[in-house]
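Following: one structure in structure tokens, then a few remarks.
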Amino acid sequence: MTLPDFSHSIDPVKLDKLAEVAVKVGLRLVPGQDLVITAPLNALSLVRAITRHAYQAGAGIVTTFYADEEATLARYVNGADASFDRAAGWLYEGMAKAYAGGAARLAISGDNPMLLAGQDPAKVARANKANSMAYKPALEPISNFDINWNISSFPNPSWAAQVFPDLPLDEAVKKLAEAIFAASRVNEPDPVAAWAAHNGELAKRSAWLNGERFSSLHFTGPGTDLTVGLADGHEWHGGASTAKNGITCNPNIPTEEVFTTPHALKVEGTVSSTKPLSHQGTLIDNIQVRFEAGRIVEAKASRGEEVLNKVLDTDEGARRLGEVALVPHSSPISASGILFYNTLFDENASCHIALGQCYSKCFLDGASLTPEQIKAQGGNSSLIHIDWMIGSDKVDIDGVKADGTTVPVMRKGEWA
């Protein structure tokens, strides 16, 4: 089929700036470094611009893998039942080999968040689990921050239609494109300099939290009374970070968060989501969970509950936390008032937690720690890493020190 062309709805100058930010800020490619890109088929114009900027920056070989929504749906409509327990492990093994050889990773986000909403939830869950297991060799060098990597976004028409359902499609694409450009700071006269200043502010927040050495964070708000113990020797990060290969990159464009590793065994209480979670084509809304000794023992949702519970059954670590992140309610993405149905954006409008795999870089001297040491210090291990939003202008957060002293961290969603 011929893909509809909405390129006239997207400012080509800003799109080129977004590509430049992805390469110069997101990845900071070094001369000779290969690059592996994954992208929706509709994002061809952004991929071409990124590829051009990558080669201008001295990239070795740029290789792109495209995904097509029609082909994905064709599997669910026509695929043999047994196929949903399989995944293209050979592809991920090849990616892992590329990363081991020094390649960087760029994912372009923009899939239709509701693509699989009408499909059999059991098949979706089986396919997701198989894919998570097959993806592990390629995920580990990313989650362990062995390489420089980045996620950026493109205003895919099917995504735009979900975010702005009342607008004609060309107008929806234009509005989503402008929202992406604003959040990614490409509207600034010098986006690269704007990112340098923003990274400086996030570094200040991280430094303060690292200086406080809290043993836990206490979240309170409507439907939430949650104590998140922090891992032994945890370290806060935000914005630009240096990977184990020595390259300082911005993994997420946009980003407004500072984050660290919870203790997998020390999370207690109840928490309610404040925004819907769009996961693998299913919308999961009004999540409510209860933790005991770090593990989710009860989980409910007003929508997508079956998928949520299948996600939690992925493996032992899926019911424990791998990340806690702080974002002020007044962040530009939150202030936009747009619900993106895309975790990359929605997580940067709200404080959030992540089920599953922790980041080894969120430990003091994390680069030198073994998986066994990370586990001993409270780090979680899992096939998944799924962020969901728990912050709002009604949520307070206190930092609790080892001696029980409390320090206000956030009040009504803003830094205290």
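Small disclaimer: the values here were computed from a predicted structure and weren't measured. When reading the values below, keep in mind they use all heavy atoms of this one structure, side chains included, and skip hydrogens, waters and symmetry mates.
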Measure the [atom1]-[atom2] distance between [X] and [Y] for me, rounded to the nearest 0.5 Å.
X      : Y      : atom1 : atom2 : value
Phe259 : Cys351 : CZ    : SG    : 14.0 Å
Lys300 : Glu305 : NZ    : CD    : 8.5 Å
Met410 : Trp415 : CE    : CH2   : 4.0 Å
Ile353 : Ile287 : CD1   : CD1   : 8.5 Å
Ile333 : Leu344 : CD1   : CG    : 7.5 Å
Thr64  : Ile50  : OG1   : CD1   : 8.5 Å

Query raised in the report: Mind checking whether Tyr92 and Tyr135 have parallel, tilted or perpendicular rings, split at 30° and 60°?
Result: perpendicular

Query - Within 45° cone of Phe181 ring axis and under 6.0 Å: Lys14 NZ or CZ - result: no

Requested in this report: Could you tell me which residues satisfy side chain to side chain donor-acceptor pair (under 3.5 Å) with Glu212, sequence neighbours excluded, listed by chain and number?
Outcome: Trp208, Lys401

Using 4.0 Å as the upper bound for N to carboxylate O, is an ion pair formed by [Y] and [X]?
X      : Y      : result
Asp85  : Lys129 : no
Glu292 : Arg290 : yes
Glu140 : Arg105 : no
Asp146 : Lys244 : yes
Asp398 : Arg411 : yes
Lys174 : Glu171 : no

Is a donor on one side and an acceptor on the other found under 3.5 Å between the side chain of [X] and the backbone of [Y]?
X      : Y      : value
His234 : Thr261 : no
Thr38  : Phe65  : no
Ser152 : Ile253 : no
Glu414 : Ser330 : yes
Gln288 : Val271 : no
His352 : Glu347 : yes
Asp16  : Pro12  : no
Ser215 : Val400 : yes
His279 : Ile386 : no
Trp388 : Thr343 : no

Query raised in the report: Who are the salt bridge (Lys or Arg N to Asp or Glu O under 4.0 Å) partners of Glu188, not counting sequence neighbours?
Result: none

Query - Stepwise side chain to side chain contact (heavy atoms under 4.5 Å, CB included) check, Asp34 with Thr63 - result: CA-CA 8 Å; Asp34 290 350; Thr63 304; over 6 Å; no

What heavy-atom pair brings [X] and [Y] nearest, and what distance separates the two atoms?
X      : Y      : value
Gly229 : Ser216 : CA-CB, 3.7 Å
Phe291 : Val267 : CB-O, 3.4 Å
Phe219 : Ile397 : CE2-CD1, 3.4 Å
Ser272 : Gly223 : OG-O, 2.9 Å
Ser9   : Val173 : CB-CG1, 4.0 Å
Trp195 : Ala183 : CZ2-O, 4.5 Å

Side-chain heavy atoms of [X] within contact of [Y], under 4.5 Å:
X      : Y      : answer
Glu257 : Leu326 : no
Asn128 : Val311 : no
Gln33  : Asn148 : yes
Leu265 : Arg320 : yes
Tyr76  : Leu115 : no
Tyr66  : Leu44  : yes
Phe214 : Thr260 : no
Phe340 : Ser153 : no

Query - Steps toward salt bridge (charged side-chain N to carboxylate O under 4.0 Å, His left out) verdict (Arg185, Glu20) - result: CA-CA 12 Å; Arg185 289 179 161 74; Glu20 182 181 15; over 6 Å; no

Tell me, yes or no, whether the heavy-atom count around [X] atom [atom1], taken from other residues, nucleotides or ligands under 6.0 Å, exceeds 12.
X      : atom1 : result
Arg48  : CZ    : no
Lys123 : NZ    : yes
Arg126 : CZ    : yes
Met114 : CE    : yes
Leu339 : CG    : yes

Query - Qualifying residue for side chain to side chain contact (heavy atoms under 4.5 Å, CB included) with Pro157, from Asn112, Asp170, Asn42 - result: Asn42

Query raised in the report: Testing Glu201, Lys204, Arg205 for side chain to side chain contact (heavy atoms under 4.5 Å, CB included) with Val258, which one passes?
Result: Arg205

Requested in this report: Give the C-alpha distance, both sets of side-chain angles, the deciding distance and a yes or no for side chain to side chain contact (heavy atoms under 4.5 Å, CB included) between Lys136 and Leu383.
Outcome: CA-CA 7 Å; Lys136 192 171 184 180; Leu383 293 169; 3.5 Å; yes

I'd like to know if the side chain of [X] pairs up with that of [Y] as donor and acceptor (distance under 3.5 Å, no hydrogens or angles considered).
X      : Y      : answer
Thr255 : Asn250 : no
His218 : Asp225 : yes
Asp315 : Ser382 : yes

Query raised in the report: What do the steps show when you test Val395 against Ile390 for side chain to side chain contact (heavy atoms under 4.5 Å, CB included), and what is the final call?
Result: CA-CA 8 Å; Val395 174; Ile390 64 168; over 6 Å; no

**Report entry** Verdict with reasoning, Leu277 to Leu308, per side chain to side chain contact (heavy atoms under 4.5 Å, CB included)
**Finding:** CA-CA 10 Å; Leu277 166 63; Leu308 172 64; 5.6 Å; no

